[in-house]
Amino acid sequence: MDRQQEFVLRTIEERDIRFVRLWFTDVVGTLKSVAIAPAELEGAFGEGIGFDGSAIEGFARVYEADMLAKPDPATFQVLPWRGERPGTARMFCDLLTPDGRPSFADSRHVLRRALAHAGDLGFTFYTHPEIEFFLLHQIKGKRVKPRPVDDAGYFDHVPHGHAHDFRRAAITLLESMGISVEFSHHEGAPGQNEIDLRYADALSTADNIMTFRTVVKEVALEQGIMASFMPKPFRQYPGSGMHTHLSLFEGDANAFHEAGAPYQLSTTGRQFIAGLLRHGAEITAITNQWVNSYKRLWGGGEAPAYLTWGHNNRSALVRVPMYKPDKGNSTRVEVRSIDSACNPYLAFAVLLAAGLKGIEEGYELPPEAEDDVWSLTDAERRAMGIEPLPSSLGRALELMERSELVAETLGEHVFDYFLRNKRAEWREYRHEITQFELDRYLTRL
């Protein structure tokens with residue numbers, strides 16, 4: 001037994017932990033949980049806990065259903081909202097087949113493989129997400145329209161308002177679990193908030209995002225409201241994204257930094273951005289996996305809809321944030337398309353794969369987009385060689401299906417399941433009769 005496992009077992013005894021929740025994520029990014037007694041934990045570290053994989057979205061076919069969840073002791077944290085005594089803790093799990101091999105359906109394993117490839121090239125991958133979400137009055141009944149908890153706007157200070165109290169409580173819980181928060185504020189739409197997590201290695205960040213979404217929903221329920229990560233719940237307001245800052249390090253050196261270069265951006269950084277742009281359309285089904293995602297991307301409000309990059313251009317897909325002269329390690333790129341409701345393991349894996357492909361193949365970065373891309377005409381965009389992101393989930397799936405990069409990154413099992421699941425969602429959506437159609441056509445036609 002290693003030191004981390006010993007630390008977990010000792011902490012459980014000292015803190016009077018009675019329940020240990022083992023967490024893992026299915027292919028579409030839903031958090032799954034099974035609770036075990038502390039007495040079972042030593043065996044779980046050694047052999048894993050068996051479960052029926054056929055009951056989980058995308059994990060196993062019926063005739064190969066047995067799977068093992070093996071807790072990662074490095075992710076151990078006490079869940080603060082469960083009370084101190086008796087306590088509840090959680091660990092994320094790696095999923096294994098009965099013979100002990102990594103499961104091809106494990107989202108965490110997909111990201112581990114991508115990180116291992118980066119490691120073979122000498123890189124460590126760091127991410128820093130800015131997570132947006134809405135706080136709403138609780139909804140009773142499916143036909144009730146959502147109502148924001150306030151009418152505030154960007155950076156507004158609302159003393160004693162729901163959002164103010166909520167962010168304070170949520171950040172306190174996150175930091176008690178070792179998840180560092182960098183910023184928090186009210187976003188542009190009524191009821192919309194943003195909390196930014198401090199940068200960390202991509203696997204830790206993905207785990208933190210899954211924890212973040214759980215904490216946010218728990219705190220909201222405790223305060224008698226609800227939190228939603230739906231990409232665009234309101235037609236008239238901007239949607240919720242997860243702008244994510246990415247960087248590669250070679251040891252302690254930022255591989256994206258080159259003193260004196262334009263924007264202090266190295267050749268490696270430029271090639272990484274070129275990879276994100278060239279493969280951006282084919283990875284969009286992963287970073288924006290819901291029918292509703294495309295209402296956000298094509299609904300304006302600083303959401304990107306075209307494959308462009310820029311410095312201070314917030315309409316671009318990839319932005320190079322302002323460089324801090326005394327901090328070379330702060331050089332990074334920001335991807336602005338990602339939903340806060342994505343599967344973060346898969347999203348980070350395909351973003352990394354696209355960027356690394358640009359480095360490995362020596363892609364040349366196209367000219368920077370200095371204009372607001374939304375304000376250009378279609379003819380102007382065509383003349384500038386600016387290509388669009390997919391305009392619907394259906395189109396995104398067509399592009400993904402043809403992508404060797406996505407297939408290699410996800411692996412055959414996840415790739416095939418994801419396509420099947422999302423095609424079914426797209427079919428259901430196309431068959432739905434919306435309120436828009438009823439209002440527009442029922443009495444007129």
Starting from the C-alpha separation in whole Å, work towards a yes-or-no answer on side-chain hydrogen bond (donor to acceptor under 3.5 Å, both in side chains) for E130 and H245.
CA-CA 8 Å; E130 303 172 352; H245 299 249; 2.9 Å; yes

Counting heavy atoms not belonging to [X], are there more than 12 under 6.0 Å from its [atom1]?
X    : atom1 : answer
F123 : CZ    : yes
E47  : CD    : no
F76  : CZ    : yes

Minimum heavy-atom separation for V373 to A369, with atom names?
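Heavy atoms of V373 and A369 come nearest at CG2-CB, 4.3 Å.
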
For L351 against L276, the heavy-atom pair lying closest together
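Distance-wise, the nearest heavy atoms are O-CD2, 3.5 Å.
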
For N343 and S107, does a side-chain donor sit closer than 3.5 Å to a side-chain acceptor?
yes

Please tell me whether T205 and N208 have a donor and an acceptor in their side chains that are separated by less than 3.5 angstrom.
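No, no side-chain donor-acceptor pair sits under 3.5 Å.
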
Okay, side chain of [X], backbone of [Y]: is any donor-acceptor separation there less than 3.5 Å?
X    : Y    : value
T172 : R168 : yes
S240 : F229 : no
W298 : P390 : yes

Over 60° means perpendicular and under 30° means parallel, so classify the ring planes of F272 and F256, tilted if in between.
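Answer is tilted, since the angle falls between 30° and 60°.
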
Salt bridge (charged side-chain N to carboxylate O under 4.0 Å, His left out) for R108 and D207? Distances and angles first, verdict last.
CA-CA 9 Å; R108 217 166 176 258; D207 288 342; 2.7 Å; yes

Can you confirm if the aromatic rings of [Y] and [X] lie within a centre distance of less than 6.0 Å?
X    : Y    : result
Y429 : W290 : no
F133 : F166 : yes
F249 : Y126 : yes

Distance col, row L317:CG vs S337:OG, nearest 0.5 angstrom, shows 5.0 Å

Any chance you could measure D2, atom CG, to E6, atom CD, to the nearest 0.5 Å?
7.5 Å

In a check of side chain to side chain contact (heavy atoms under 4.5 Å, CB included) between M91 and each of W23, F24, F45, which one passes?
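Among W23, F24, F45, the one that satisfies the side chain to side chain contact (heavy atoms under 4.5 Å, CB included) with M91 is F45.
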
Hey, which of H186, E187, R167 is the one that makes side chain to side chain donor-acceptor pair (under 3.5 Å) with N193?
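By the side chain to side chain donor-acceptor pair (under 3.5 Å) criterion, N193 pairs with just one of H186, E187, R167: R167.
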
